[in-house]
Amino acid sequence: MFFPIYVNPQSLKVSLTKDGDFQVEVWPRKSTGQNGRWMWGHQKAESDISLLEARLVKRRGEYDIFVRDYREREGKERTRKFKTIWDAKELNTQDGTQEVKALIGSDAMPYPKPVALLKDIVTMGAEDDSIVLDFFAGSGTTAHAVLDLNKQDGGDRKFILVQLPEPTGRTDYPTIADIGKERIRRVIAKMQKGNEGKLLTERETPYDLGFRVFKLATSNYRSWAGVSESTPQAYGDQIALYADPLVEGWTAENVLYEVAIKEGYGLNCEMEQVHGIKGNTVYRVADPDKGQWFHICLDDALQPATLKALDLTADRLFICRDKALDDKAAANLALQCRLKTI
């Protein structure tokens, strides 16, 4: 970031190459006269040379380089230029305390960041369709800010919040994660109430008011525990325990998500029960981002009528439990579709 920029004294345009028009050599100097550095590197300066211009600083008797900053960029109008020091009253953490207390009726979270602060940060650092990640979610101010901004400008920003279940020592909100979840629910409920009684044409631009909560948990698949004695009987007894590889107490929702993740689907995948099928419960799992989907049945046994109703094809993925099929049924089904078993 220390290189010369050449100035045309007549037009005040600049160039990175010295020639007949660009003769005045300018280096990055501090006001003290010491060597400094440009704000941009050589490659950035070359690509955005049209935004650079020179001005004669009379008190120093030399040229300096400035960047033209436009209110509108790429067809979008910028609301304001952010300051270096943020000392506005609404950015005080005391405001954050009052916001949380007003929403959840409790002072469970001392001095959280205020919504105005996070709205400024999101506005400065994200587009109106960005995914905003907060790895230390706290009371959920980031989600509150994203929802507010989407309501204001009709944006399609999404948020991902991550928070360890740190204990608070309280009975109403035992962990910090509980505070964040309740806050987001109440923010959404407040926004939904604000639209009650309005005609569709009178409402603000439609925006998504949903969120999902996931907890890090152990797998629904049994892990191999090993044997205490290396004997055929011990191995046989242990293998018998794994005739069904799912752990005791598994739930369909948890298994569906784990299978979806193993298939490369995102956590925003959509799951719905397939209606019109008797004898089995079948789910359709779809990833809207990938444009892909598959059928899955977690029942102990598969009915022939179920497979007929699904009208499976050779390129369609179908997943079921291994115990639901005998060898003959598995072989036949593998010829009809892409079969995977748990």
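These numbers come from a predicted model, not from an experiment.
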Please report the interatomic distance CG(L147) to NZ(K119), rounded to the nearest 0.5 Å.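 That separation rounds to 11.0 Å.
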Can you tell me how far CG of L149 sits from CZ of F159, rounded to the nearest 0.5 angstrom?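 Answer for the CZ-CG pair, F159 versus L149, is 12.5 Å.
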If you look at every heavy atom in [X] and [Y], which pair is closest and at what distance?
X: P165; Y: A177; answer: CA-CB, 4.4 Å
X: N8; Y: F22; answer: N-CD2, 3.5 Å
X: P114; Y: L91; answer: CG-O, 3.4 Å
X: G155; Y: D153; answer: N-OD1, 2.9 Å
X: C297; Y: F318; answer: CB-CZ, 4.1 Å

Could K262 and Y221 be counted as a cation-pi pair, given that NZ or CZ must be under 6.0 Å from the ring centre and within 45° of the axis? yes
Tell me if a side-chain donor or acceptor on N150 pairs with a main-chain N or O of R157 at a distance below 3.5 Å.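 Answer holds: yes.
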Does L302 offer a backbone N or O that forms a donor-acceptor pair with the side chain of T306 under 3.5 Å? no
Taking atom types as modelled, is there a side-chain donor on [X] or [Y] under 3.5 Å from an acceptor on the other?
X: R183; Y: T141; result: yes
X: D289; Y: N268; result: yes
X: T123; Y: D120; result: no
X: T32; Y: Q34; result: yes
X: E248; Y: W250; result: no
X: Y6; Y: E25; result: yes
X: E258; Y: N220; result: yes

Residue list, salt bridge (charged side-chain N to carboxylate O under 4.0 Å, His left out) with K181, at least two apart or on another chain: D178
Salt bridge (charged side-chain N to carboxylate O under 4.0 Å, His left out) partners for D21, two or more places apart: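 D21 satisfies salt bridge (charged side-chain N to carboxylate O under 4.0 Å, His left out) with no other residue.
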When the aromatic ring centroids of [X] and [Y] are compared, is their separation below 6.0 Å?
X: H42; Y: F3; result: yes
X: Y257; Y: Y265; result: no
X: F2; Y: W38; result: no

Tell me, which pairs form a side chain to side chain donor-acceptor pair (under 3.5 Å) where one or both residues lie in residues 84-101, sequence neighbours left out? none
Heavy-atom side-chain contact between L133 and T142 under 4.5 Å: no
